[in-house]
There are 2 protein chains.
Amino acid sequence: MFSQTVEYALRAVVQLAIHAPKPQKTSDIAEATKVPNAYLSKVLQGLREKNIVCLQRGVGGGVTLAKPPEELTILDVVNAVDPIQRITTCPLDLKAHGVRLCALHRRMDDALQSMETAFRSTTLAELLQDPNPSVPLCDRNQQPIMQLTSLLSSPASAPNIPDLPPNANPESRPDVV
Amino acid sequence: MFSQTVEYALRAVVQLAIHAPKPQKTSDIAEATKVPNAYLSKVLQGLREKNIVCLQRGVGGGVTLAKPPEELTILDVVNAVDPIQRITTCPLDLKAHGVRLCALHRRMDDALQSMETAFRSTTLAELLQDPNPSVPLCDRNQQPIMQLTSLLSSPASAPNIPDLPPNANPESRPDVV
DNA sequence: GTGTAACAGGATAGAGTTATCCTGTTTTGA
DNA sequence: TCAAAACAGGATAACTCTATCCTGTTACAC
């Protein structure tokens with residue numbers, strides 16, 4: 001549903017947000033985000049054209065966010081590389097429909113709108129402040145305060161959060177059927 | 001965001017639902033839905049493999065829905081041709097994340113889930129019962145009861161719903177920002 | 001100015017999506 | 001049995017997306 005390019009772009013800007021405002025080299029972002037280096041370079045050029053990032057050549061250069069993480073939403077990034085195309089007029093060009101979508105296209109556009117709204121509501125800064133124990137792009141878990149305390153007081157009993165089997169999925173919300 | 005194939009498949013099954021349970025020829029569906037005939041044939045073969053439609057060769061044959069419109073949801077059709085792929089494990093394969101998605105992928109999957117839920121909540125039958133004046137695949141507007149009455153009593157003053165300019169969009173819900 | 005760091009951008013290629021064409025197979029009914 | 005109707009399916013092509021490679025250009029430090 002989301003293109004590879006969107007996924008890559010989001011990973012890259014999250015990595016930039018983590019280190020903002022320090023510039024990051026494309027190759028370092030590529031490594032951290034597991035995105036092919038040469039392709040990431042193209043994606044970043046696209047982001048620059050849409051004023052999401054700044055690219056600086058030469059020694060000490062690299063990539064930076066064009067705005068502070070508080071002012072960049074997921075939607076800004078998504079729309080920069082692979083815009084969510086809302087359905088505004090009848091895809092069949094039926095004259096009688098025009099901008100009054102039929103039930104089918106109304107529902108399809110509603111789905112697009114809900115996605116757009118969700119993406120617009122989250123900034124990069126909010127992503128980083130999320131209390132989720134999995135830190136974006138970082139292969140470790142945050143230790144909750146309680147566990148951190150016990151870790152400090154008795155290192156031997158440090159909780160070791162195990163990987164869960166693929167079907168356990170304790171963090172996800174139950175599917176509304 | 002939605003592939004052409006999904007759009008085509010949805011148009012086709014709506015057309016089948018409109019005429020259910022009467023079989024429709026592929027060529028007739030193609031014409032009504034403005035989908036390339038030969039390509040629609042491939043799409044329908046995909047829908048048959050997923051038991052969404054039945055295809056019958058020979059004189060009097062054609063395409064029918066494999067279930068009544070009340071039992072087919074938009075999601076059934078979408079997943080048959082271009083499945084909504086939920087994010088269940090970390091796309092970067094970070095060991096520490098596993099099935100506990102980070103904030104970024106959690107939000108992306110939430111968006112996918114809301115789309116999935118919306119599509120699962122609407123059957124083909126409900127699409128056809130929608131009071132929306134634009135009838136799916138049909139290039140005319142239903143006359144609301146009031147207007148129909150006035151039409152019958154005084155044909156000369158029959159309201160003629162004009163096409164609206166692209167930005168007026170009176171039917172769409174206001175965008176929640 | 002010279003060398004190095006780092007992005008810029010064109011050429012190219014593989015895979016997937018969308019689309020077309022043509023021939024084969026099945027089914028029905030006269 | 002034969003002919004027509006209608007789908008089946010292989011071959012192929014255009015286009016887009018994803019990805020790689022290589023050379024050029026810019027910026028900084030010395």
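What you see is a predicted model, and the numbers here were worked out from it, not measured in a lab.
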Asker: Heavy atom of residues 2-11 of chain A under 4.0 Å from DNA chain D: which residues?
Answerer: Ser3(A), Gln4(A), Thr5(A), Tyr8(A)
Asker: Roughly how many Å is it from CG in Leu40(B) to P in dC21(C), rounded to a whole number?
Answerer: 15 Å
Asker: Does OP1 or OP2 of dC7(C) have a side-chain N or O of Arg48(A) closer than 4.0 Å?
Answerer: no
Asker: For Lys42(B) and dT17(C), what is the distance between atoms NZ and C1' respectively, to the nearest whole Å?
Answerer: 14 Å
Asker: If you look only at pairs with a residue in residues 8-25 of chain B, which of them pass as a salt bridge (Lys or Arg N to Asp or Glu O under 4.0 Å), with sequence neighbours excluded?
Answerer: Glu7(B)-Arg11(B)
Asker: Mind calculating the distance between CG (Asp28(A)) and P (dA5(C)) to the nearest angstrom?
Answerer: 13 Å
Asker: Starting at the 5' end of nucleotides 22-30 of chain D, put B wherever the base has a protein heavy atom under 4.0 Å, S where only the sugar-phosphate does, and a dash everywhere else.
Answerer: --BBBBB--
Asker: With ring-ring contact (aromatic ring centres under 6.0 Å, His included) as the rule and sequence neighbours excluded, what pairs involving residues 109-130 of chain A come up?
Answerer: Phe2(A)-Phe119(A)
Asker: Applying side chain to side chain contact (heavy atoms under 4.5 Å, CB included), name anything that partners Glu31(B), two or more places apart in sequence or on another chain.
Answerer: none
Asker: Kindly give the heavy-atom pair with the smallest separation between Pro23(B) and Gly61(B), and that separation in Å.
Answerer: CB-O, 4.1 Å
Asker: Separation of Asn37(A) atom CG from dA6(C) atom P, in whole Å?
Answerer: 12 Å
Asker: So how far is it from Arg106(B) CZ to Ser134(A) OG, rounded to the nearest 0.5 Å?
Answerer: 10.5 Å
Asker: In this structure, how many angstroms lie between the P atom of dA6(D) and the CG atom of Leu55(B), rounded?
Answerer: 14 Å
Asker: Going by the rule side chain to side chain contact (heavy atoms under 4.5 Å, CB included), which residues pair with Gln4(B) if we only count those two or more places apart in sequence or in a different chain?
Answerer: Tyr8(B)
Asker: Can you list, pair by pair, the side-chain donor-acceptor contacts under 3.5 Å of residues 33-46 of chain B, counting residues two or more places apart and other chains?
Answerer:
residue: Thr33(B); atom: OG1; partner: Ile29(B); partner atom: O; Å: 2.6
residue: Lys34(B); atom: NZ; partner: Leu92(A); partner atom: O; Å: 2.8
residue: Tyr39(B); atom: OH; partner: Thr5(B); partner atom: OG1; Å: 2.8
residue: Ser41(B); atom: OG; partner: Gln45(B); partner atom: NE2; Å: 3.4

Asker: Over how many whole Å does the gap from Gln45(A) atom CD to dA19(D) atom C1' extend?
Answerer: 14 Å
Asker: Please list all pairs meeting side-chain hydrogen bond (donor to acceptor under 3.5 Å, both in side chains) that have one or both residues in residues 56-84 of chain A, counting only residues at least two apart or in different chains.
Answerer: Ser3(A)-Asp82(A), Thr73(A)-Asp76(A)
Asker: What residue pairs, at least two apart or across chains, pass ring-ring contact (aromatic ring centres under 6.0 Å, His included) with a residue in residues 49-84 of chain A?
Answerer: none
Asker: Mind listing the residues from residues 17-27 of chain B sitting with a heavy atom below 4.0 Å of DNA chain C? Number order is fine.
Answerer: none
Asker: Rounded to whole Å, please give me the gap between OH in Tyr39(A) and P in dA11(C).
Answerer: 19 Å
Asker: Enumerate the ring-ring contact (aromatic ring centres under 6.0 Å, His included) contacts for residues 64-93 of chain B, please, sequence neighbours excluded, ordered by first and then second residue.
Answerer: none
Asker: With sequence neighbours left out, write down each residue that passes side chain to side chain contact (heavy atoms under 4.5 Å, CB included) with Ala118(B), or none if nothing qualifies.
Answerer: none
